[in-house]
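Following: one structure in structure tokens, then a few remarks.
Values below: every heavy atom of this structure, side chains too, minus hydrogens, waters and symmetry copies.
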Amino acid sequence: MQLDISVQLDLVLPEPTDFLLQIEAAPLPEQQLISAHIDLSPTLHFARVPGQDEIGDRIWLRAEGRFAIRYRGRMGIERHLAEVASLAALPPHRLPGETVQYLMDSRYCPADSFQSFVNAEFGALQGGTRIMAMRDWIAANFTYAPGSSHSATTALESFVERRGVCRDYAHVLITLARASAIPARYASVYAPGVTPQDFHAVAEIFLADPEGPGGRWHLVDATGMAEAGEMAKIGIGRDAADVSFLSSYGPVGIDLQTISVTVV
């Protein structure tokens, strides 16, 4: 399938400000970049740097005043999908080195604090069956409530309040997976059907590869709004801090933010 993606951002920078932008869909084996173009207002500095784990690009920018960003892309999605519930988890000693960081606590995902809950609630389940039970538990116990969280909200706070947005749902699922010794990371994606349409956040879980030895990453959306075969990944990270669409190192305001994702 193919997705058309369109993003418009209008920023206000009251003084010369450095900021890091990550909004372009990443070219990957499972998602082909058919076309892409980004237009930016004149800048004081522009430099591309690799995203986390070399997935996607970040753009360093320095600008002042009103700053417009326009991005359009078309992606062909050919992702090999698996029935996550049927997959086994790899024992920790068999995990590849690059997944180890995704077992550990991070800024928004305090996994160590959830081990007792995970053992009590999901202790009878293993691997992908446990992951899908966690996803279903979040869906049954959380309320999707725009504006109910903020940039500092952690998975622990979301767990207590039982509400949030896609970012919070992803953080909670990632935290529960890591508390089960299953590597999990945060993926920023574009996907049709997301309401309201925005930069979307899902979990990516490392489980057995159904097509061979070892393991691979599998996308799981705790909100239920997006299907793995219809997502275009922008970037990944330990949590939202690693893959924010905009990280500013000075004052910035957002006057306009519109995103459109449609199936061609």
| note | With sequence neighbours left out, the residues meeting salt bridge (charged side-chain N to carboxylate O under 4.0 Å, His left out) with R74 are D4
| message | Given 3.5 Å as the limit, does a donor-acceptor pair link the side chain of Y169 with the main chain of Y144, or not? | response | yes
Which donor-acceptor pairs under 3.5 Å do side chains of residues 133-143 form with protein atoms, sequence neighbours excluded?
unit_1	atom_1	unit_2	atom_2	d
N141	ND2	W137	O	2.8

| Within the distance-only criterion (no hydrogens, no angle test), does the side chain of D242 pair as donor or acceptor with the backbone N or O of Q52 below 3.5 angstrom? | no
| query | Yes or no on side chain to side chain contact (heavy atoms under 4.5 Å, CB included) for T129 and F122, after CA distance, side-chain angles and deciding distance? | reply | CA-CA 10 Å; T129 302; F122 307 106; over 6 Å; no
| task | List, by chain and number, the other hydrophobic cluster members for I55, where Ile, Leu, Val, Met, Phe, Trp and Tyr join if side-chain heavy atoms come within less than 4.5 Å, directly or indirectly. | result | L28, L90, L95, Y102, L103, F206, W217, I236
| note | Heavy atoms of T223 and C166 approach each other most closely as CG2-CA, 3.8 Å
| message | Test your reading of the model: is there a side-chain donor-acceptor pair from Q197 to the backbone of T258, 3.5 Å cut-off? | response | no
| Does some side-chain heavy atom of S260 sit less than 4.5 Å from a side-chain heavy atom of T262? | yes
| query | Between H200 and D198, do the side chains contain an N or O donor and an N or O acceptor separated by less than 3.5 Å? | reply | no
| query | Between atom SG of C109 and atom CZ of R238, what is the distance when rounded to the nearest 0.5 Å? | reply | 10.5 Å
| said: Main chain of L176, side chain of S180: is a donor-acceptor contact present, judged purely on distance under 3.5 Å? | reply: yes
| task | Using the rule that two of Ile, Leu, Val, Met, Phe, Trp, Tyr join whenever any of their side-chain heavy atoms come within less than 4.5 Å, decide whether V263 and Y190 are in one cluster. | result | yes
| query | Taking all non-hydrogen atoms of both residues, which atom of A111 and which atom of D105 are closest, and how far apart? | reply | N-OD1, 2.8 Å
| said: Keeping R79 on the side-chain end and M231 on the backbone end, is there a donor-acceptor pair under 3.5 Å? | reply: yes
| said: Suppose the criterion is salt bridge (Lys or Arg N to Asp or Glu O under 4.0 Å): which pairs have a residue in residues 180-193, not counting sequence neighbours? | reply: D53-R185, R185-E204
| field | Any donor-acceptor pair under 3.5 Å from S41 side chain to A68 backbone | value | yes
| request: Let me see the working for D57 and R48 under salt bridge (Lys or Arg N to Asp or Glu O under 4.0 Å), right down to the final yes or no. | output: CA-CA 6 Å; D57 277 356; R48 288 185 176 274; 3.2 Å; yes
Please set out all donor-acceptor pairs under 3.5 angstrom arising from side-chain atoms of residues 9-18, sequence neighbours excluded.
unit_1	atom_1	unit_2	atom_2	d
D10	OD1	R70	NH1	2.9
D10	OD1	R70	NH2	3.1
T17	OG1	E15	O	2.8
D18	OD1	R62	NH1	2.9

| Under 3.5 Å: donor-acceptor pair, side chain of S148, backbone of R163 | no
| field | Min side-chain heavy-atom separation I59-I38 under 4.5 Å | value | yes
| message | The criterion is side chain to side chain contact (heavy atoms under 4.5 Å, CB included); which residues satisfy it with V160, sequence neighbours excluded? | response | none
| query | Does one hydrophobic cluster hold both I259 and M225, with members joined at side-chain heavy-atom distances below 4.5 Å? | reply | no
| Can you tell if the side chain of I5 reaches within under 4.5 Å of the side chain of R72, non-hydrogen atoms only? | no
| query | Heavy-atom distance under 4.5 Å between the side chains of L207 and V84, does that happen here? | reply | yes
| query | Considering only heavy atoms from C-beta outward, does the side chain of D39 approach that of Y71 to under 4.5 Å? | reply | no
| query | When rounded to the nearest 0.5 angstrom, what is the spacing between CD1 in I34 and CD1 in I77? | reply | 8.5 Å
| field | Close side-chain approach of L3 and P192, heavy atoms under 4.5 Å | value | yes
| query | Can R162 be said to sit on top of F159's aromatic six-ring, NZ or CZ under 6.0 Å from centre and within 45° of the ring axis? | reply | yes
| message | Using the rule given for side chain to side chain contact (heavy atoms under 4.5 Å, CB included), can you reason through V194 versus V261, listing the C-alpha separation, both sets of side-chain angles and the distance that settles it, and then say yes or no? | response | CA-CA 9 Å; V194 172; V261 183; over 6 Å; no
| said: Please tell me whether L87 and V220 are part of a single hydrophobic cluster in this structure, the criterion being side-chain heavy atoms less than 4.5 Å apart. | reply: yes
| said: I'd like to know if F19 and L44 are part of one continuous hydrophobic network [Ile/Leu/Val/Met/Phe/Trp/Tyr, side-chain heavy atoms within less than 4.5 Å]. | reply: no
| request: Starting from M104, walk the hydrophobic network (Ile, Leu, Val, Met, Phe, Trp, Tyr; side-chain heavy atoms closer than 4.5 Å) and list everyone else you reach, by chain and number. | output: V100
| request: Could you tell me which residues satisfy salt bridge (charged side-chain N to carboxylate O under 4.0 Å, His left out) with E78, sequence neighbours excluded, listed by chain and number? | output: none
| query | Heavy-atom distance under 4.5 Å between the side chains of I254 and Q257, does that happen here? | reply | yes
| Looking at residues at least two apart in the chain, or sitting in another chain, which of them share a salt bridge (charged side-chain N to carboxylate O under 4.0 Å, His left out) with E83? | none
| query | Can you find a pair of side-chain heavy atoms, one from Q2 and one from M75, that are under 4.5 Å apart? | reply | no
| field | Trace of the side chain to side chain contact (heavy atoms under 4.5 Å, CB included) decision for Y108 with T175 | value | CA-CA 9 Å; Y108 296 113; T175 301; over 6 Å; no
| task | Linking directly or through intermediates, with side-chain heavy atoms under 4.5 Å: list the remaining ILVMFWY members grouped with Y186, chain and number order. | result | I174, V243
| When you measure from the centre of the six-membered ring of F114, is the NZ or CZ of R178 under 6.0 Å away and within 45° of the axis? | no
| message | Show, in sequence, the C-alpha distance, side-chain angles and deciding distance for L21 and I69, and conclude whether the side chain to side chain contact (heavy atoms under 4.5 Å, CB included) test is met. | response | CA-CA 10 Å; L21 186 70; I69 301 165; 3.9 Å; yes
| message | So does H150 get a backbone contact from the side chain of T153, meaning a donor-acceptor N/O pair under 3.5 Å? | response | yes
| said: I'd like to know if K233 and E30 make a salt bridge, using a cut-off of under 4.0 Å between side-chain N and carboxylate O. | reply: yes
| task | For residues A179 and Q115, report the shortest heavy-atom separation together with the two atoms involved. | result | O-CG, 3.8 Å
| message | Between T154 and E157 (side chain of the first, backbone of the second, donor and acceptor by atom type, cut-off under 3.5 Å), is there such a pair? | response | yes
| field | Within one Ile-Leu-Val-Met-Phe-Trp-Tyr cluster: F245 and V252, side-chain cutoff 4.5 Å | value | yes
| Should we say atom CD of E227 is surrounded by more than 12 heavy atoms from elsewhere, each under 6.0 Å from it? | no
| Reported CG-to-CD1 distance for the pair L173 and I131, which is rounded to 0.5 angstrom | 6.0 Å
| request: Give, for atom NE2 of H37 and atom OG of S35, the distance between the pair rounded to the nearest 0.5 Å. | output: 11.0 Å
| remark: Cluster membership besides L20, Ile/Leu/Val/Met/Phe/Trp/Tyr side chains within less than 4.5 angstrom, sorted by chain and number, is V49, W60, Y249
| field | Heavy-atom pair with the smallest gap, counting every atom of S244 and S247 | value | CB-OG, 3.7 Å
| Distance from M132 atom CE to I205 atom CD1, nearest 0.5 Å? | 10.0 Å
| task | Starting at CD of E64, measure out to OG1 of T43 and round the result to the nearest 0.5 Å. | result | 13.0 Å
| query | Do N119 side-chain atoms and S116 backbone N/O form a donor-acceptor pair below 3.5 Å? | reply | no
| Set of salt bridge (charged side-chain N to carboxylate O under 4.0 Å, His left out) partners for D209, sequence neighbours left out | R216
